[in-house]
Amino acid sequence: MSVSFEVSPGGTGRSATECDARRVGMARRVAAARLRFCGLEGLVDDATLIVSELVTNAILHSGGHQVTFSMALRDDWLRICVHDEMPGGPSVRTADSDAERGRGLFLVASIAEARGGEWGTDHAGATTWCRLAVPEGLR
């Protein structure tokens with residue numbers, strides 16, 4: 001499953017427009033619906049949080065005009081990818097305790113690790129992905 005959508009061009013550190021924020025919500029709803037359709041209700045909470053963080057990062061930090069979100073189930077793994085057209089390596093940061101931003105990739109990494117998976121980048125950083133193990137009871 002793959003969904004592409006236009007986003008407002010911007011740059012690092014900008015705020016999301018109202019339209020872009022709705023795109024994040026749309027990506028979460030599409031991910032949740034697809035997982036439920038596939039009988040993977042147990043992955044919905046973690047996967048939708050990951051989708052939200054990766055799509056938000058792409059919108060806020062890439063400066064591109066289009067974001068593509070995809071999700072695939074292969075060999076007992078759920079793979080979530082967000083491609084934003086612009087190379088550059090995202091990295092996990094340590095946010096100050098009172099910071100309102102800066103924890104997104106930390107959350108993605110933590111969830112992936114807890115689910116026996118991992119995260120990374122492809123295409124010179126233009127694609128950020130996360131892989132979660134599908135629990136045996138859901139296979």
Side-chain angles (χ1 to χ4, degrees):
M1 176 216 67
S2 181
V3 178
S4 294
F5 48 90
E6 299 294 317
V7 296
S8 302
T12 300
R14 72 178 179 93
S15 295
T17 65
E18 184 177 328
C19 184
D20 289 341
R22 285 194 305 268
R23 300 280 196 238
V24 175
M26 176 271 308
R28 280 194 310 262
R29 288 188 299 278
V30 167
R34 183 65 179 171
L35 290 168
R36 287 183 180 109
F37 178 79
C38 293
L40 299 173
E41 178 75 33
L43 291 176
V44 168
D45 290 342
D46 288 344
T48 56
L49 179 58
I50 289 168
V51 166
S52 183
E53 295 300 335
L54 295 183
V55 170
T56 298
N57 267 3
I59 289 170
L60 295 181
H61 301 294
S62 77
H65 297 275
Q66 182 172 312
V67 171
T68 301
F69 150 64
S70 61
M71 200 167 62
L73 185 63
R74 291 192 188 111
D75 300 325
D76 300 329
W77 293 96
L78 175 67
R79 185 173 167 97
I80 300 166
C81 297
V82 175
H83 181 79
D84 62 25
E85 301 182 316
M86 303 295 285
S91 60
V92 175
R93 297 186 307 182
T94 303
D96 292 334
S97 61
D98 60 345
E100 294 182 19
R101 294 178 161 187
R103 294 177 184 83
L105 288 177
F106 175 78
L107 288 171
V108 170
S110 296
I111 292 168
E113 183 179 331
R115 287 279 187 176
E118 59 187 337
W119 78 278
T121 62
D122 290 329
H123 307 105
T127 301
T128 305
W129 56 267
C130 181
R131 191 172 76 147
L132 304 176
V134 176
E136 196 162 320
L138 298 180
R139 295 180 195 165

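Predicted model, so just to flag it, every value in this text is computed and none were measured.
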message: If you apply the rule side-chain contact (heavy atoms from CB on, under 4.5 Å), what do you find for L35 with M71, and how did you get there?
response: CA-CA 9 Å; L35 290 168; M71 200 167 62; 3.9 Å; yes
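Contact annotation: the side chain of P135 approaches that of L43 to within less than 4.5 Å [non-hydrogen atoms, C-beta and beyond]. Between R28 and V55, the closest side-chain pair of non-hydrogen atoms is not below 4.5 Å. Proximity of L105 to L54: side-chain heavy atoms (C-beta onward) are separated by under 4.5 Å at one or more points. Counting heavy atoms from C-beta outward, F69 and M1 have side chains that approach closer than 4.5 Å. Within the 4.5 Å cutoff, the side chain of V82 has no heavy atoms near those of the N57 side chain. You'll find the side chain of V108 stays beyond 4.5 Å of the side chain of T128, heavy atoms only.
Linking ILVMFWY residues whenever their side-chain heavy atoms come closer than 4.5 Å, directly or via other members, leaves L49 and W129 in distinct clusters. At a threshold of 4.5 Å between side-chain heavy atoms, the hydrophobic network of Ile, Leu, Val, Met, Phe, Trp and Tyr places I59 and L107 in two separate groups. Cluster annotation: V51 is connected to V30 through the hydrophobic network of ILVMFWY side chains, with a link wherever side-chain heavy atoms come within less than 4.5 Å. Hydrophobic cluster membership is shared by L73 and W119, with clusters built from Ile, Leu, Val, Met, Phe, Trp and Tyr side chains linked at under 4.5 angstrom.
With rounding to the nearest 0.5 Å, the separation of CG in D84 from OG1 in T68 is 9.5 Å. Atoms CD and CG, on E136 and D76 in that order, are 8.5 Å from each other to the nearest 0.5 Å. Remark: E53 CD to I80 CD1 distance equals 12.0 Å, nearest 0.5 Å. The CZ atom of R131 sits 4.5 Å away from atom CD of E118, with the distance rounded to the nearest 0.5 Å. Rounded to the nearest 0.5 Å, atoms CG (L60) and OG1 (T17) are 9.5 Å apart. Rounded to the nearest 0.5 angstrom, H65 NE2 and E85 CD are separated by 7.0 Å.
Under a 3.5 Å cut-off, the side chain of Q66 and the backbone N or O of S4 do not form any donor-acceptor pair. In this structure, D46 contributes its side chain and I111 its backbone to no donor-acceptor pair below 3.5 Å. Side chain of R29 to main chain of G25: a donor-acceptor pair is present (N/O by atom type, distance under 3.5 Å, no hydrogens or angles). At least one donor-acceptor pair closer than 3.5 Å links the side chain of R23 to the backbone N or O of E6. Side chain of S52 to main chain of T48: no donor-acceptor pair is present (N/O by atom type, distance under 3.5 Å, no hydrogens or angles).
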